[in-house]
Amino acid sequence: MTKLAKWGLPLPATIAVVVLLIIPVALTIATTFGEAKGAFSTYAAFFNSGFRRAVLFRTLEVALITTALSLVIGFVTAYVIAQMPGRLKSIMIIAAVFPLLTGVVVRSFAWLIILGKNGIVNDTLMSIGLITEPLSMLYTEGSVIVAMVYLFVPLMILTLTGVLEGIPRDLTEASASLGAKPIPTFLQVILPLATPGLIVGAVLVFTGSFTSYATPQLLGGEKQMMMGTFLYQRAMVTFDWVGASTVAAIMVVITIAIVSIMSRIARRLNPMAV
Amino acid sequence: MTASLTIENLSAHYGTTQVLKDLSLSVAAGELVSLLGSSGCGKTTTLRIVAGFLQPTSGKVRLGDRNLTTLPAHARDIGLVFQNYALFPHLTVLDNVAFGLKQRGVAKPDRIKRAMAMLERVGLAPFADRLPVALSGGQKQRVALARALVIEPPLLMFDEPLSNLDAKLRIDMRVEIRQLQRANGTTSLYVTHDQEEAFSISDRVAIMNAGRILQLDTPEVLYRKPANAFVARFVGFENLIRMKVIGRDGATVIAEAAGGTRLHLSQDAFGSIKDDFVLATRADGLVVRRDGEGIPATLGTRTYLGRAYQYKCQAAAGEITANGPLFDPPEAGAQAVLTPVSEQCCILDPED
Amino acid sequence: MPTRVHPLLGAFAALVFLFLLAPLVIIVGASLSDTTYLTFPPQGLSLRWFANIFQIEAFRRTAITSLQVAFLGTALSLLIGVPAAYALNRYRVELPRWLSTLFVLPILVPEIVFGFSLLKSITIGSGLPVFPSLILGHALLVLPYSVRVVGASLASFDFSIEEAAMSLGCPPLRTFLTVVLPNIQAGVIAAFILAFITSINDVSVSVFLTGPGISTLPIQILAHMEQFFDPTIASVSVLLMLVTVGVMAIIEATLGLTFLTK
């Protein structure tokens, strides 16, 4: 009876993950090795193409910059939120949750209105006479990064607020009672204790932006092709499925590598666990 | 180095509720004073104000000749031992103890030497390189103590430091704390809700209720001569009998309780007695006899305490707890007389 | 008692919230513009672009599809996820570790890779029609919420209550429904809401699985934007934001929004 429940209850979900996720993704990766020109020929082709290398490096660059900016913005904001009295704190959390729960299409679209040729930024700059011709801000790496940071800052804020609230107030008080001023307390007590959480947040943002599709599609377009948009273009526009699968495989490998390395580091830095 | 602590007319509010009411207290240099009371009495608020974590609505805190009232917590130079130890989980035992020295700019070799010396004193030198998670509760508390002592603060404060330890360890630790405090001569303020702990460790104890200190005295005085009915009940006086003086004859006072029970009390033993008073005794202060002068009562449930039999008695003045003789004890249901032993009784003002 | 925050930090946080909320305010403004192009501040106030949404049949159709997919996908994920979460907590020591890792794979594998692989092997490979493919894809996409969020509330559930019920003669299924489920209700609601909103907003998986005639709202919005850049999109976005407001109201009423920082 127990044995039946123990293995039977998780069975449907297990089958679903295996049949709908593991096997399809494994097949996708397998096709990249089935080429007549040799097992790694598609990868050789990928890395020999300057364009494709540029797509990969651009994606890594955008993801890294997005992660760094989101970390700084998110951490400072979360720090402020954690210090706030109850009511103000709830309002700030609501203000961060609202964009988080609003869809990626809507949030990326907002930046089209802001950064477009007839967008607010251009309108404002022209009306105060700083520029005479509208700037082309869309379809640049900068526009993608701005929208990505916008996309991921709420996630970072909420993750880090949780992390900072989890640091017992006793510890900062103990630090102060031992003579540590606010900045040493921050550097010697809060920061080390928040580091595992910072790593988790960074991994979430990095993998999220590295694999994103809608934002680079809307704000980067053809000019700023990234891994996600490139995969889509290979698969659905040129119907080069092996090429698309190669992009997919590279994305999977990089994502899983980053997640497993960083979570191992985070676990090692976590002082709460032995 | 050690200094006296003076708290003057402290008031504090949480929102609109007043949690401290014009509280004053002074702790002499080298003395250990406990704040004792149930939760919500204001003892922890007082400690947090002295530590600088809370701002009082009014009043002053002075340490020696320094006015601490407006200083930030990190500039107060007070050693603090927390209820949950508050050890830094990311630092080793040694680094925890050296933390305060580091903030004071003590050079690394020196602070390691001093921290190690302090760890030796609390018997934890072999654990210097461990992280706090690897320690037992008692060891954590010793580290917390070492961390607070190593900065040689002029004032040491304890916030219910033993409440997370088991009973046996609690007794060992309080002796240890007392020894270290005595040896260093550090002025100390100790917050607890445990009467036995406060009495055993302190030079003086302040019994608090509703944001006020009701009595500040040595444990001996508190135990034998409570100053008011609240303190009397708090230190275990089971019987508080309201009485009125109906006649005076020289040093002897004739007083009557509800139900008409009369007692003759000597002002030589109790000092001058006001017309309206409360006679307070523990069960030991009333002797159960078959007859004689005293409070007539019907004996109720009898329990054996080892040193005596204890009775719940019904008297005209209400329910009274009294102890009876071990030899030939009266049975429950018997009529008896309860005679106050004047050395074990107190005359107090009525509460209302 | 909160400590004081340095004014510079406070000002920085205020700017961050301006950065977070201003773009959404701009969308609302743009949706009310009387012009045929997107602009902010709005020139002349009008609700005509909201009316326009309802004239475009594709928006109505895809909105219904999105709701159906989100509803059925979420329900399916709970149906298979809750028993899994239950077993993972009830038999924690006996079940292998990799089993719980298995259920977070849909988060670990890039969505876009998942969508593409599903298209290749399920929709094309097995010839499954578009609509059920979408439901299966979304169910799997949100499965981690079902397993982890419900699992979190099961982690604090005292299983001896269940044993008490059984010792009183309650059969296992009824015990689950009448004793366990009411105690993990908050977790189930939270999982449902998070899964639902994730599904409604999804692009990366849907972009591969939508086919001729069947599409979801976000994909339709993307398609519309490629042809027209008028305030209709802003109006649709405003309606989607209203959905978000509704979802937040439900979260606040059931769990409190601070739940999201845990």
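Given the structure is predicted, the values throughout are model-derived calculations rather than measurements.
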* Could you tell me which residues satisfy side-chain contact (heavy atoms from CB on, under 4.5 Å) with Ala54(A), sequence neighbours excluded, listed by chain and number? =>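 Per chain and number, Ala54(A) pairs via side-chain contact (heavy atoms from CB on, under 4.5 Å) with no residue.
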* Asked: Would one find more than 12 heavy atoms of other residues, nucleotides or ligands at under 6.0 Å from atom CG of Asp65(B)?
  ->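 No, CG of Asp65(B) has 12 or fewer neighbouring heavy atoms, counting only those of other groups under 6.0 Å.
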* Taking atom CZ of Arg264(A) as the centre, does the number of heavy atoms from other residues, nucleotides or ligands within less than 6.0 Å exceed 12? ->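 Atom CZ in Arg264(A) is not packed in, count stays at 12 or less.
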Answer whether the closest heavy-atom distance between the side chains of [X] and [Y] falls below 4.5 Å.
X	Y	result
Phe88(B)	Leu178(A)	yes
Tyr85(B)	Asp170(A)	no
Lys102(B)	Pro184(A)	no
Asn84(B)	Pro168(A)	no

* Once you round to the nearest 0.5 Å, how far does CD of Glu173(A) lie from CG of Asp159(B)? ->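 One finds 9.5 Å between CD of Glu173(A) and CG of Asp159(B).
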* **Inter-residue atom distance Phe53(B).CZ - Thr172(A).OG1, 0.5 Å rounding** =>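 Phe53(B) CZ to Thr172(A) OG1: 7.5 Å, rounded to 0.5 Å.
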* **Contact winner vs chain A - Val81(B), Val150(B), Leu87(B), heavy-atom pairs under 4.5 Å** =>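 Among Val81(B), Val150(B), Leu87(B), the one with the most close pairs to chain A is Leu87(B).
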* Ala86(B), Gly100(B), Pro132(B): which one forms the most heavy-atom pairs within less than 4.5 Å of chain A? ->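 Looking at each option in turn, the highest pair count goes to Ala86(B).
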Under 4.5 Å from a heavy atom of chain A, the part of [X] involved:
X	value
Arg76(B)	neither
Ile78(B)	backbone
Phe82(B)	side chain
Leu101(B)	neither

Shortest non-hydrogen contact from [X] to [Y]?
X	Y	value
Ser177(A)	Ile151(B)	O-CD1, 4.3 Å
Leu171(A)	Pro89(B)	CD1-CD, 3.6 Å
His74(B)	Ala180(A)	CB-O, 3.0 Å

* Structure fact -> Okay, Ser175(A) and chain B: the region with an atom under 4.5 Å from a heavy atom over there is both
* Would you find a donor on one side and an acceptor on the other, under 3.5 Å apart, between the side chain of His90(B) and the backbone of Ile190(A)? ->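 Not a single qualifying donor-acceptor pair exists.
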